Number of protein chains: 2
Amino acid sequence: MSEQKILVIDDESPIRKLLQITLQSNGYEVAEAITAKDGLAKAINQLPDLILLDLGLPDEDGHSVLKKLRTWYTNPVIIISVQSSEEDIVISLDNGANDYLVKPFRTGELLARIRSALRVGNISDENLVIQFNNLSIDLAARVVKKNNSIIKLTLTEYSLLALFVRNEGKVLTHRYLLKEVWGPGYLNQTQYLRVYIAQLRKKIEDDPNRPVHIITESGVGYRFIITE
Amino acid sequence: MSEQKILVIDDESPIRKLLQITLQSNGYEVAEAITAKDGLAKAINQLPDLILLDLGLPDEDGHSVLKKLRTWYTNPVIIISVQSSEEDIVISLDNGANDYLVKPFRTGELLARIRSALRVGNISDENLVIQFNNLSIDLAARVVKKNNSIIKLTLTEYSLLALFVRNEGKVLTHRYLLKEVWGPGYLNQTQYLRVYIAQLRKKIEDDPNRPVHIITESGVGYRFIITE
DNA sequence: ATTACCCATTATCAATATGTAACCAGCCTG
DNA sequence: CAGGCTGGTTACATATTGATAATGGGTAAT
């Protein structure tokens, strides 16, 4: 998933600074606007995933800004305001705000409320899938496919393969592989490796007798190669 | 639109009375539950449009109740709690609560936040019906059909199935499934899992001895597959 | 009070993964 | 060619993990 963009519309410079730092350090892209007019323009041009709107803008009443936004903007809008009166809260929510936070707010809570608002409508994020030749490996889902059908790998086989994939192109020594998959107490059980390398090759190579992905580096270890 | 139903789960009698009167006089139908267990049961039977959940229930931790609800319940959940700590708020929102109000609350604000939550919830209430083979699963309505006749699933079975459907294709580890469905205290009760997987298979697979949807990943967990 | 049902729990049997060893095949070196 | 490396293959006992049926406690509906 690419970075999500949040538009901050607030005339108080310290608040904007705080929000910018907080949001950016949490992986959001931040756009800023100081006035209502600027805010509405930036909302149109940049189509942010979420808008943080201060009710107390200098050039226009916040409620009016929210109503204008809601004529076309469907993503979440969270109000941030010094006003804690019930009237302001009720009006804002009924005008289509998704949430209302009173300044000063706790940044942890703000971030949680942003996550909550963004969650709605967000389906599942795609996993990183490595694909090459007739193989596809989805590390997050723990799924390996060959010619589009799922291959069953045992725990040990999968650990080995995942190690290889994450270190594609590098030579992995016997000792390293044994330490990572079996643990530090198995450093000289190279025999285990031979057995499991053979099983992996049987499952993922087209011709296990002439492997193109899991290459033997005699006397050293093995290397995993992604051929295009 | 017909009357919308709200389920109040709270053990304090005065609060329930207050909420009942307030909500009913604003056109909502109200159901009540005093304990976590009762609340979960009523949520299943009545499928309310929104749930108001008190975190401080006598029989079970509120965060745990919310997580159990969220394994299958997709409508808005608003937390009402005397706890105002940032930690409780952040955990609740990240567990899928739509909003968090601190007791004592202002009824006007509560009503506005309910309207807001219902508005958003209805927008995102898209086609959550998954259909494949001779099965159809409607997550929102909590209905599972096989060959067009409704299958009865227990709470636990449905939680499991809903988890699988939302993570189709991925391997779900034993630990993850146990944590989500039974809670973090059951992480090594893998035998529960086996029992319930068997029951689910009996109900949804054509041939439970040769499952095609719920696939065992030996030593790791299970995977749910939608076959076309 | 009776019934039905869900759930947690246990016992038992079956399937699968793992560690291990025996054996085989090149390959280098003398 | 013999002998010692290194790596590959196969088979199998054991240990681990999984499937299934059955039990009893608890609870809600009738």
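As the structure is a prediction and not an experimental result, all values here were calculated from the model. Values below: every heavy atom of this structure, side chains too, minus hydrogens, waters and symmetry copies. Numbers restart at 1 for each chain; the letters A, B, ... are given by sequence-line order, proteins then strands.
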Can you tabulate the close N/O pairs, meaning under 3.5 Å, that link protein atoms to atoms of nucleotides 19-22 of chain D?
residue, atom, partner, partner atom, Å
D:dA19, OP1, B:R201, NH1, 2.8
D:dA19, OP1, B:T216, OG1, 2.7
D:dA19, OP2, B:Y222, OH, 2.6
D:dT20, OP1, B:N209, OD1, 3.2

Polar atom pairs (N or O), protein with nucleotides 24-29 of chain C, under 3.5 Å:
none

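The residue B:T190 sits apart from the nucleic acid: no heavy atom pair falls under 4.0 Å. Residue-level contact check: B:L155 touches the backbone only, with heavy atoms under 4.0 Å from sugar-phosphate atoms and none from bases.
Sequence order on DNA chain C of the closest nucleotides to B:T156 and A:Y186 puts B:T156 first from the 5' end. Between B:Q189 and B:G219, the one whose closest nucleotide on DNA chain C sits nearer the 5' end is B:Q189.
Whole-Å rounding puts the B:N188 CG to D:dT17 P distance at 12 Å. Across the protein-nucleic acid pair, B:L40 atom CG and C:dC6 atom C1' stand 14 Å apart, rounded to whole Å. The nearest whole Å value for the distance from the NZ atom in B:K68 to the P atom in C:dC7 is 10 Å. Rounded to a whole Å, the CG atom of B:N45 is 13 Å from the C1' atom of C:dC6. Going from atom NZ of B:K152 over to atom C1' of C:dA4 covers 10 Å, rounded to whole Å. Residue B:L200 contributes atom CG, which lies 14 Å from atom C1' of C:dC7 at whole-angstrom precision. Atom CG in B:L193 sits roughly 16 Å away from atom C1' in D:dT16 (whole-Å rounding). Between B:Q46 atom CD and D:dA29 atom P the separation is 10 Å, expressed in whole Å.
Between B:R16 and B:D10 there is no salt bridge, since none of the side-chain N atoms of the basic residue sits less than 4.0 Å from a carboxylate O of the acidic one. The pair A:D138-A:R142 does not count as a salt bridge, with every side-chain nitrogen at least 4.0 angstrom from each carboxylate oxygen. Ion pairing of B:K103 with B:E12 is present here, as a side-chain N (NZ or NE/NH1/NH2) and a carboxylate O approach within less than 4.0 Å.
Dashed line: the shortest gap from a side-chain N or O of B:T154 to OP1 or OP2 of C:dC7 is under 4.0 Å. Side-chain nitrogen and oxygen atoms of B:S218 include none within less than 4.0 Å of the OP1 or OP2 phosphate oxygen of D:dT17. Distances shown here put every side-chain N or O of B:H174 at or beyond 4.0 Å from the OP1 or OP2 atom of D:dT17. Between B:W182 and C:dA8 there is a side-chain polar atom (N or O) within less than 4.0 angstrom of OP1 or OP2.
Side-chain contact check for A:T216 and A:R201: at least one donor-acceptor pair (N or O, by modelled atom type) lies under 3.5 Å. For the 3.5 Å distance criterion, the side chains of A:Q191 and A:R194 qualify, holding a donor opposite an acceptor. Judged purely by distance below 3.5 Å, without hydrogens or angles, the side chains of A:D206 and A:N134 pair a donor atom with an acceptor atom. Between the side chains of B:D88 and B:H63, at least one donor-acceptor pair of N or O atoms lies under 3.5 Å.
Ring to ring, A:H213 and A:F164 are not that close: their centroids are 6.0 angstrom or more apart.
Checking each of B:L66, B:I78, B:I80 against B:L53 for a side chain to side chain contact (heavy atoms under 4.5 Å, CB included) leaves exactly one that passes, namely B:L66.
Around the CZ atom of B:F105, the shell of radius 6.0 Å holds more than 12 heavy atoms that belong to other residues, nucleotides or ligands.
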